[in-house]
Amino acid sequence: MEDQKRMMQAHIDPDDIRKHPNLVHQQQDIGAILQRIMAITDESLDEAQARKHALNCHRMKSALFSVLCEIKENTALSVRGIQEEVPPDPQLMRLDNMLLAEGVAGPERGGFFAAAAAVAAAAEGSTDDGSLEHADYREKLSQIRQIYHAELEKYEQACNEFTGHVMNLLREQSRTRPISPKEIERMVEIIHRKFSAILMQLKQSTCEAVMILRSRFLDARRTRRNFSKQATEILNEYFYSHLANPYPSEEAKEELAKKCCITVAQVANWFGNKRIRYKKNIAKFQGEANLYAMKTAVDAASVSSQSSQLNSPATPDSGGYPSLCYTPDGRL
DNA sequence: GGTTATGATTCTAC
DNA sequence: GTAGAATCATAACC
């Protein structure tokens, strides 16, 4: 009767007992060991240590361990497992992408040189100064890259060291309490997650450093260069010859950009500024307007006269400008 | 060194 | 998305 009760408690199939008579005795042993474990907390430290030692040396220890490990697996760990399916952090992904694009993370080529090309583009129009800034930017970016990789190495080393330490500790502890390999694996995951927060901070501060560097070197306001005289003349000619509607089409902007050796965006900026400044102070620009209107008229006249009077006397070498007198505000 | 000119950016309205 | 307006930052000039 007592045996049956114990069997029920231990969920043992009676058929198994008939087949394996030793099983009943083994279950009795396990039951006794479990009871002793439960009683350990009520004992003094010395008594508990002695009992712990006795349990460690018990012949059933390994079997008991596997049972306890299985129980743990089926209860607490299985519950945790459901919650641990965490999707990749979008913030970390963004930082990774940025560091890759900037050439700080990943292979040195690609992003790094793309960024350098961006600097070169920003310094468009400038010569010596631009290349100097370009080199300076590359050097600074390279420094950031070096620091990032050094820190990353330190981080990985620290992470591996700590993980190894914890794993050893758990393995050591697994001699006295049931710790399954899966549990150790999960602990390693937890440690990696904690360390990834530090990694996130490293990536965040690296991104900030790159952004500051970029703003310092790529902010066009800091590296502003006036357009060449020729470029300004071309733009002004177009503006004043289309004064009724100074809004160049995309094609016209592209052509002007090509002629002036500037970007389409710069052409758009120039026209934006010109329109607003002209409108604000028409009187101030009147002279300029007359000058370019005259120039356009003379150019048109010279083209038509060249085509119709190829043998006519040569005009003075004044770049096609008429020798007319202007008032200070540009009027004839 | 102060002032003006100028190219670029940002914000707002459409 | 584009234009207008305000503003910033630097170049150029005196």
Side-chain angles (χ1 to χ4, degrees), chain A residues 94 97-98 101-103 111 113-141 144 204 207-296 299 319 321 324-332:
Chain A
R94 268 199 298 276
N97 288 340
M98 189 192 160
E102 294 297 334
F113 286 98
V119 178
E124 191 180 16
S126 62
T127 53
D128 293 344
D129 285 354
S131 58
L132 276 175
E133 281 169 10
H134 184 174
D136 203 16
Y137 177 84
R138 271 201 301 192
E139 196 189 320
K140 294 271 191 312
L141 194 64
I144 291 174
Q204 180 93 46
C207 280
E208 278 170 18
V210 172
M211 292 313 289
I212 290 165
L213 185 70
R214 279 183 76 90
S215 68
R216 252 187 68 197
F217 282 87
L218 300 182
D219 186 350
R221 280 185 295 203
R222 289 181 189 277
T223 56
R224 191 179 72 78
R225 296 281 184 284
N226 285 355
F227 296 157
S228 69
K229 217 173 173 183
Q230 200 186 356
T232 313
E233 252 180 45
I234 293 167
L235 293 166
N236 271 319
E237 267 177 41
Y238 187 96
F239 180 81
Y240 289 112
S241 61
H242 297 79
L243 206 48
N245 184 35
Y247 298 90
S249 64
E250 279 307 305
E251 291 78 22
K253 279 184 201 167
E254 278 171 25
E255 205 181 322
L256 286 167
K258 222 180 266 180
K259 276 186 189 171
C260 301
C261 300
I262 56 175
T263 65
V264 175
Q266 284 176 306
V267 173
N269 279 339
W270 189 91
F271 273 88
N273 284 324
K274 191 72 183 179
R275 278 192 299 267
I276 191 81
R277 284 162 187 168
Y278 178 81
K279 211 169 96 176
K280 266 186 181 174
N281 198 347
I282 293 174
K284 186 183 146 196
F285 287 96
Q286 200 58 58
E288 199 177 68
N290 289 337
L291 190 71
Y292 280 101
M294 190 60 66
K295 188 179 183 303
T296 308
D299 284 349
Y321 282 71
L324 296 168
C325 293
Y326 292 87
T327 59
D329 64 1
R331 282 171 296 177
L332 279 168

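Chain naming here is simple, since letters A, B, ... match the order of the sequence lines and numbering starts at 1 in each. It should be emphasised that the depicted structure is a prediction, and the values quoted were computed from it without experimental measurement.
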Compare all side-chain heavy atoms of [X] with those of [Y] and state whether any distance is below 4.5 angstrom.
{"X": "K253(A)", "Y": "W270(A)", "value": "no"}
{"X": "R277(A)", "Y": "F285(A)", "value": "yes"}
{"X": "F239(A)", "Y": "Y292(A)", "value": "no"}

[N] [atom2] sits how many Å from [X] [atom1], rounded?
{"X": "F239(A)", "N": "dG7(B)", "atom1": "CZ", "atom2": "C1'", "value": "15 Å"}
{"X": "N269(A)", "N": "dC11(B)", "atom1": "CG", "atom2": "P", "value": "15 Å"}
{"X": "N281(A)", "N": "dA5(B)", "atom1": "CG", "atom2": "C1'", "value": "13 Å"}
{"X": "L235(A)", "N": "dA5(B)", "atom1": "CG", "atom2": "C1'", "value": "15 Å"}
{"X": "N226(A)", "N": "dA11(C)", "atom1": "CG", "atom2": "C1'", "value": "5 Å"}
{"X": "R277(A)", "N": "dT6(B)", "atom1": "CZ", "atom2": "P", "value": "8 Å"}
{"X": "K229(A)", "N": "dT6(B)", "atom1": "NZ", "atom2": "P", "value": "12 Å"}
{"X": "F227(A)", "N": "dG7(B)", "atom1": "CZ", "atom2": "P", "value": "5 Å"}

| Phosphate-side-chain proximity, R225(A) and dA11(C), N/O vs OP1/OP2 below 4.0 Å |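 So the side chain of R225(A) is within the cut-off, an N or O lying under 4.0 Å from OP1 or OP2 of dA11(C).
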
| message | So, does K274(A) get its side chain near the phosphate of dG7(B), meaning an N or O under 4.0 Å from OP1 or OP2? | response | no

Look for any protein N or O under 3.5 Å of an N or O in nucleotides 2-5 of chain C and output each such pair with its distance, or none.
from: dG4(C); atom 1: OP1; to: Y247(A); atom 2: OH; distance (Å): 2.2
from: dG4(C); atom 1: OP2; to: R275(A); atom 2: NE; distance (Å): 2.6
from: dG4(C); atom 1: OP2; to: R275(A); atom 2: NH2; distance (Å): 3.4
from: dA5(C); atom 1: OP2; to: K279(A); atom 2: NZ; distance (Å): 3.3

| query | Does Q266(A) use its side chain to pair, donor to acceptor, with the backbone of T263(A) at less than 3.5 Å? | reply | yes

| message | Going by side-chain hydrogen bond (donor to acceptor under 3.5 Å, both in side chains), name the residues that satisfy it together with Q204(A), two or more places apart in sequence or in a different chain. | response | Q91(A)

